[in-house]
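Notes follow the structure.
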Amino acid sequence: MRVLVAMSGGVDSAVAAARLVADGHDVTGVHLALSKNPASYRSGARGCCSLEDSHDARRVADKLDVPFYVWDFAEEFREAVVDDFIAEYRAGRTPNPCLRCNEKIKFAAVLDRGLALGFDAVATGHYADLRRHDDGSVTLHRAADAAKDQSYVLGMLTQDQLRRCVFPLFDVEKPVVRAEAQALGFGVAKKPDSHDICFIADGDTQGFLARYLDDAPGPIVDDGGEVLGEHRGTHRYTVGQRKGLDLRVPAPTGEPRYVLRIEPASRTVVVGARDDLAVTELTGIRTTWTDAPVQGPWRGQAQYRAHGTPQDATIEAVDGGLRVSLDEPAHGVAPGQTVVVYDGDRVVGSAVIAEAR
């Protein structure tokens, strides 16, 4: 099988490529250039799209004696991920740019180009389990390493995409991956995992957004409309946030206040008690199913953060969207986040949260 391996420059994709070579596949490595100016993205060992990372990926490909290319996806990444990130915050929502990168770049643009060039599949170093069935279908499941499981950020993949994906690290834990890299002589064996948002070089999300969004002040109010303070731009806040509110009026009970919602049209941030954050119903849009949509209400689990705890729920497809009724209240769920729904350890689908109540 001809496999195109997306090599980020980290240890996971390096070992994924090595495993495929050892299994006898015809492997080609590709590193994605996501910025016209690599120095503007994360530098050092914390990122996944710096110039240093491309050099690390090339050195691994050389050790494996496989072809290696750098593909320029800077324009596509800017439009699909960076511009979307800014637009979501402008609208008062909280996006997940890594999930959007998987959806629009790694498993759409890269997969399409790879197939056009004659490759059979695209492989990555994601920790997730693909199970292939006799009827040709593929199901996506959680990885063996629960601590590293990345099935959540792959929940937007369609059946057609899953059939063309390979995740060689489905059955191993991270220490084993590092040990394999060390045994193969890869310089990335001890390289730290990537963190934060790759296109915000200094890690200052608020500072990054301030360059693109209106930093005009507005009121911070309670649920009754009483003005408690002033903010310096709604993009500086997200639902569930507690720190950095700088309120002049203490709560009558003395309890801390949290951001309940953001109203960018009126430049208003609404705050309240933690109990006011509790929601039991999520409404999702832009639904994606990993296979055929499930008809009628069904019992499953919902996860709305990459490393969040799945919650038991009743799930139903409604009017092209998704309704998730949680058994127990959740706190700090923000519009713009993605909810991924599971049947046990199997990913069934995903949707972008439009409303949480």
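Ion pairing of Arg236 with Asp215 is present here, as a side-chain N (NZ or NE/NH1/NH2) and a carboxylate O approach within less than 4.0 Å. Salt-bridge annotation for Glu75 and Arg78: absent, with no side-chain N of the basic residue lying under 4.0 Å from a carboxylate O of the acidic one. Between Arg211 and Asp204, none of the side-chain N atoms (NZ, or NE/NH1/NH2) sits under 4.0 Å from a carboxylate O, so this pair counts as no salt bridge. Using a cut-off of 4.0 Å between Lys/Arg side-chain N and Asp/Glu carboxylate O, Arg261 and Asp223 are scored as salt-bridged. Here Asp345 pairs with Arg131 in a salt bridge; the nearest charged N to carboxylate O distance falls below 4.0 Å. Looking at Asp84 and Arg93, no side-chain N of the basic residue comes within less than 4.0 Å of a carboxylate O on the acidic one, giving no salt bridge. Using a cut-off of 4.0 Å between Lys/Arg side-chain N and Asp/Glu carboxylate O, Arg59 and Asp56 are scored as salt-bridged.
Using a 4.5 Å cut-off on side-chain heavy atoms (C-beta onward), Phe167 and Asp129 make no contact. Contact of the Leu130 side chain with the Arg132 side chain is registered, since non-hydrogen atoms from C-beta on lie closer than 4.5 Å. Taking the side chain as every heavy atom from C-beta outward, Gln159 and Ser137 approach each other to under 4.5 Å. The side-chain heavy atoms of Ile197 and Phe208, taken from C-beta on, include no pair separated by under 4.5 Å.
Minimum heavy-atom separation, His331 to Tyr304: O-OH, 3.7 Å.
Remark: aromatic rings of Phe85 and Phe199 are close, center separation under 6.0 Å.
With Thr288 contributing its side chain and Gly349 its backbone, the two residues share no donor-acceptor pair below 3.5 Å. Gln303 places no side-chain N or O within 3.5 Å of a backbone atom of Val340 that could act as its donor or acceptor partner. A distance-only check finds no donor-acceptor pair linking the side chain of Asp112 to the backbone of Ala109 [under 3.5 Å]. Judged by distance alone, with hydrogens and angles left aside, the side-chain atoms of Arg164 form a donor-acceptor pair with the main-chain N or O of Asp120 at under 3.5 Å. Side-chain N or O atoms of His235 include none that pairs as donor or acceptor with a backbone N or O of Thr205 at under 3.5 Å. A donor-acceptor pair under 3.5 Å is formed between the side chain of Arg178 and the backbone N or O of Lys191. Side chain of His31 to main chain of Val70: no donor-acceptor pair is present (N/O by atom type, distance under 3.5 Å, no hydrogens or angles).
Ring geometry for Phe107 versus His126: interplanar angle of 30 to 60°, hence tilted.
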Using atom types as modelled, flag every donor-acceptor pair under 3.5 Å from a side chain in residues 10-20 to any protein atom, sequence neighbours excluded.
from, atom 1, to, atom 2, distance (Å)
Asp12, OD1, Tyr127, OH, 2.7
Asp12, OD1, Lys174, NZ, 3.3
Asp12, OD2, Lys174, NZ, 3.2
Ser13, OG, Ser8, N, 3.1
Ser13, OG, Ser8, OG, 3.4
Arg19, NE, Glu180, OE1, 3.2
Arg19, NH1, Pro168, O, 3.2
Arg19, NH1, Asp171, OD1, 3.1
Arg19, NH2, Glu180, OE2, 2.8

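Environment of CZ in Arg242: sparse, with no more than 12 heavy atoms of neighbouring residues, nucleotides or ligands closer than 6.0 Å.
No option in Asp319, Val318, Val324 other than Val324 meets the side-chain contact (heavy atoms from CB on, under 4.5 Å) test with Leu322.
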